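Since we're looking at a predicted model, the values are computed, not measured.
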Amino acid sequence: MDAQINITLPDGSVRQYEKGTSAMQIAESISSGLARNVLSAKVNGEVWDANRPIDGDSSVQLLTWDDKDGKATFWHSSAHLLAEALEAVYPGIKFGTGPATSNGFYYDVDPGEHKISSDDFKKIEDKMLELARQKNTFDRSPITKEEALKYFTEKGDEYKIELIEKRGEDEALTLYKQGNFVDLCRGPHLPSTAKIKAVKLMNVAGAFWQGDDSRQQMTRVYGVSFQKQKELTQYLHMLEEAKKRDHRKLGKELGLFMFSEKVGQGLPIWLPNGTALRSRLEDFLKAEQIKRGYQPVITPHIANKELYVTSGHWEKYGEDSFQPIKTPREGEVFLLKPMNCPHHCEIYGHRPRSYKELPVRIAEFGTVYRYEQSGELHGLTRVRGFTQDDAHIFCTPDQVKEEFLNVLELTQHVLSKMGFEEFTAQISLRDPNNKEKYIGSDELWDKAESAIIEATKEVGLKTITELGEAAFYGPKLDFMVKDALGRSWQLGTIQVDYTLPNRFELEYIGADNQTHRPVMIHRAPFGSMERFIGVLTEHCAGRFPLWLTTDQFAILPVSDKYLDYANKLKATLAEHDIRGYIDDRTESIGKKIRDTEVKKVPFMLIVGEKEEAAKNVSVRKQGEGDLGAMEIEAFAKYFKDLL
RNA sequence: GCCAGUGUAGCUCAGUUGGCCAGAGCAGCUGAUUUGUAAUCAGCGGGUCGGGGGUUCGAAUCCCUCCACUGGCUCCA
């Protein structure tokens, strides 16, 4: 047996080491500085402990804080450190699972009689740091299922036992031990706890065991940790900054929308500034849709229950939604419209359709009402009454791909026009192990799913795939965008549906003079006006794209002696379709500037004696400062070039 | 819906062993100031301390309950 192994590094170089060398030893052989930064290593594509011996020829990539997987190792180990501290502070506490997340880590625990609240964080954090300073190593040891069961049965950790019992008989399990804490864990972990120099517990939350709301609720403790105190300070500062971009805060400050307890939870009220913004967005999309052959329609906000019995929505959501509206007539019930599709199916089906008129694209900014659980409501991004930029395309099976691609083009156009460059395209498929949650045959699902997969592949769209995220009637392509705090929200959506046309018995007459069933594509590039504007507000921190902004400029006269001149300037800009107002209050110029800055009006045009004499304006850009004097026509040109 | 936390003026917040008529800044109103690149000065008005119930001589403060909001979980047609 050869005692030497070949290690291939990411740059392609191959080095020889003794069998059993660890990634950490490899790092040390390269430089001690590198070794100090190594958190874990990718060995043949799998993330390993940096200290785990490598026994054969392998490709090795050393992972540091700058690698996503390196960071995940750091936070995963921090979760174990948290668990160790919790066990020390709350003896007898039971453990669920404790993974790394995209911005830290958590551990789900059952504290028994204890109650963990944020008041206890300080002592837990102190304990964590105390334990970290012991520089304990994370020791990996393989264990059989039987041994693992024995260990955790003796410890009395029933959650771990449940996890172990789910594993295969011959599956290799591992334990990790640091200090006095032993956990069932596949790893990997840090070389030692010494790397963890700064910890901060963020919050506690309830979390259902195994994500199942019929099961026991665990206490989930969230935290974040760093290699340096300074990094933690910076992170907390970043969070503070992110809070300033919160659309709920900005929406209040900019007068976009409000809520009223009397009107009801989750029912946003659009204020004048928000309405102006929203109208501009709607007008933009309406124009784009007309260009692309959509036909706008308007449908009522309520419909007879029978409509939703036909669509399947009654059976799926009836009990959990706004309850039916009764009429004086015995037995007659109406429902608030929870979506527009059934109405549009009725429009399609109200007269015979020829293949010659397909695809039929029916569009509506349709307001819908859904009784979302109270704990789910969130600013504008999750509400109970909202307006979808909805449309349904009815087409022949042959047209599905082309229509899907057209919609994809429109959706991407919308996102780019709004300045969303970073989004995730998610293919949301049915959960194959949970088919009873969905309606429609396997055959139709396969068709619909492959239509989406093929079309996205054809245009080279980078996608991720999630099982179980489909709508109950069909798969979706969802466009996900992150808010200020990194939470992901679904905006645009495109859905391919073979099922509803069946339920509504929709037809068209083909070239063969036979009846055929159309395919339906549901799509909403914004998703909903509410959520879109909420996420857009955070994305641009309240500084909306210039073409969307209600007040594009404010003219600030130094005193009211210059109001006549200001009015002339405003009229000139109006001729150029540039919107704005004159701040004619008798306030100091400094005060006017401050107020206009706070309102995030993009341009301030300051006029006084100098400007009137020179027939120009002093231009100040919001957030940036004085740009100097310009003639008004020059400003108009400069402005239009920015659009 | 579940777990935890929060709720004081239009906004942002003080008011921590229960104790004089509950405070500040900004905003608002009135007056003066005609102002040069992020807050002119003075005066004035404004609060069922989220709602209801209880404990107490006395409650913004303690307890119960409901509501809303925040962070998660579950859910998201």
Side-chain angles (χ1 to χ4, degrees), chain A residues 101 106 108 115-119 202-222 243 246 248-249 252-253 258-262 264-266 308 311-314 316-318 320-321 337-342 368 370-379 381-384 386 388 428 438-439 469-474 476 478 485 487 489-490 493 495 497 500 522 527-528 531 556-563 585-598 604-611 618-628:
Chain A
T101 67
Y106 66 80
D108 281 347
K115 191 176 139 186
I116 303 174
S117 94
S118 47
D119 296 339
M202 304 305 287
N203 50 56
V204 279
F208 298 108
W209 174 235
Q210 299 293 82
D212 181 345
D213 63 4
S214 67
R215 301 206 58 186
Q216 147 140 28
Q217 195 151 28
M218 311 286 284
T219 300
R220 176 170 296 181
V221 182
Y222 282 92
K243 279 190 194 151
D246 191 311
R248 292 164 299 192
K249 179 177 158 66
K252 199 180 274 183
E253 287 168 2
M258 60 170 272
F259 288 92
S260 150
E261 282 190 35
K262 282 208 180 90
Q265 254 190 310
Y308 304 106
S311 69
H313 290 97
W314 171 253
K316 178 96 180 157
Y317 294 105
D320 300 323
S321 202
K337 175 164 81 171
M339 85 292 301
N340 306 297
C341 345
V368 298
R370 300 178 182 175
Y371 192 78
E372 307 290 6
Q373 297 185 75
S374 60
E376 268 310 313
L377 301 173
H378 184 98
T381 51
R382 194 76 186 275
V383 290
R384 286 179 171 167
F386 57 99
Q388 296 177 307
S428 302
Y438 309 90
I439 57 174
E469 293 290 314
F472 75 94
Y473 51 74
K476 308 188 287 176
D478 292 326
L485 288 175
R487 293 173 292 212
W489 294 95
Q490 175 203 311
T493 180
Q495 308 168 7
D497 179 7
L500 279 189
H522 309 241
S528 80
R531 182 177 288 180
L556 312 183
V558 169
S559 86
D560 54 19
K561 285 187 272 187
Y562 313 105
L563 274 176
R585 298 174 303 163
T586 56
E587 294 285 354
S588 72
I589 190 67
K591 170 80 162 172
K592 288 183 187 182
I593 288 171
R594 181 183 151 77
D595 288 348
T596 317
E597 285 282 347
V598 169
M604 281 154 262
L605 306 177
I606 294 154
V607 293
E609 192 179 352
K610 274 188 310 193
E611 288 78 11
S618 287
V619 179
R620 181 186 164 99
K621 195 168 184 185
Q622 198 271 345
E624 293 181 26
D626 196 356
L627 298 184

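Using a 4.0 Å heavy-atom cutoff across all strands shown, A:Tyr222 reaches sugar-phosphate atoms only and no base atom. A:Arg620 comes within contact range of at least one nucleobase, with a heavy-atom separation under 4.0 Å. If you check every strand for non-hydrogen atoms under 4.0 Å, A:His522 touches nothing. Residue contacts for A:Asn203: at a heavy-atom cut-off of 4.0 Å it reaches the sugar-phosphate backbone alone, with no base atom in range. Among the atoms of the strands shown, none is found under 4.0 Å from any heavy atom of A:Phe259. Among the atoms of the strands shown, base atoms are found under 4.0 Å from some heavy atom of A:Ala205. Base engagement by A:Glu587 is indicated by at least one non-hydrogen atom pair under 4.0 Å involving a base atom. Among the protein residues, A:Lys316 comes within range of no part of the nucleic acid, since none of its heavy atoms lies under 4.0 Å from any strand. Using a 4.0 Å heavy-atom distance criterion, A:Arg585 is classed as making no nucleic acid contact. Using a 4.0 Å heavy-atom criterion, one finds that A:Gln388 contacts no nucleic acid atom at all. Among the protein residues, A:Ile606 comes within range of the nucleic acid bases, having at least one heavy atom under 4.0 Å from a base atom. A:Lys476 comes within 4.0 angstrom of sugar-phosphate atoms only, judged by non-hydrogen atoms across all strands, and of no base. Here A:Gly625 lies out of heavy-atom contact (under 4.0 Å) with every strand. At a threshold of 4.0 angstrom between heavy atoms, the contacts of A:Thr219 with the nucleic acid are absent.
With B:C76, B:U37, B:U34 as the choices, the nucleotide that has an atom nearest any side-chain atom of A:Thr586 turns out to be B:U34. Distance from the side chain of A:Ile589 is smallest for B:U35 among the nucleotides B:G5, B:A77, B:U35. Of the candidates B:G36, B:G71, B:U12, the closest approach to any side-chain atom of A:Lys252 belongs to B:U12.
Atom pair A:His378:NE2 and B:C73:P shows a separation of 12 Å (rounding to whole Å applied). Separating the CZ atom of A:Phe472 from the C1' atom of B:A77 is a distance of 5 Å, rounded to the nearest angstrom. Counting to the nearest Å, the C1' atom of B:A38 and the CG atom of A:Leu627 are 15 Å from each other. Following rounding to the nearest Å, A:Glu261 (CD) and B:G10 (P) show an atom-to-atom distance of 14 Å. What separates CD of A:Gln373 from P of B:C75 is a distance of 9 Å, to the nearest Å. Look at CE on A:Met202: it is 20 Å from P on B:A4, rounded to the nearest Å. For the pair A:Lys115 NZ and B:C3 C1', the computed distance is 10 Å after rounding to whole Å. At whole-Å resolution of the value, CG in A:Leu377 and C1' in B:G72 are 15 Å apart.
Comparing the C1' positions of B:U8 and B:U55 gives a spacing of 22 Å, expressed to the nearest Å. Separating the P atom of B:A9 from that of B:C13 is a span of 11 Å, rounded to the nearest Å. Using P as the reference atom, B:A59 and B:G54 are 12 Å apart when rounded to the nearest Å. Spacing of P atoms, B:U16 relative to B:U6, comes out at 16 Å, to the nearest Å.
If you find the closest nucleotide of RNA chain B to A:Ser374 and to A:Cys341, the one lying nearer the 5' end belongs to A:Ser374. Where A:Gly590 and A:Gly266 each meet RNA chain B at their nearest nucleotide, the meeting point lying more 5' is that of A:Gly590.
With respect to A:Arg620 and A:Glu597, a salt bridge is recorded, a charged nitrogen being found less than 4.0 Å from a carboxylate O.
Both tests do not hold together for A:Arg215 against A:Phe208: distance to the six-membered ring centre under 6.0 Å, angle to the ring axis within 45°. Judged by the 6.0 Å distance and 45° axis criteria, A:Arg384 is positioned over the aromatic ring of A:Tyr371.
Side chains of A:Tyr562 and A:Glu611 form no contact here, defined as non-hydrogen atoms less than 4.5 Å apart. In this structure, the side chains of A:Tyr317 and A:Arg370 stay at 4.5 Å or more apart for every pair of heavy atoms.
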What verdict does the side-chain hydrogen bond (donor to acceptor under 3.5 Å, both in side chains) test give for A:Gln265 and A:Ser374, after you've listed the backbone C-alpha separation in whole Å, the side-chain angles of each residue and the deciding distance to 0.1 Å? CA-CA 8 Å; A:Gln265 254 190 310; A:Ser374 60; 4.9 Å; no
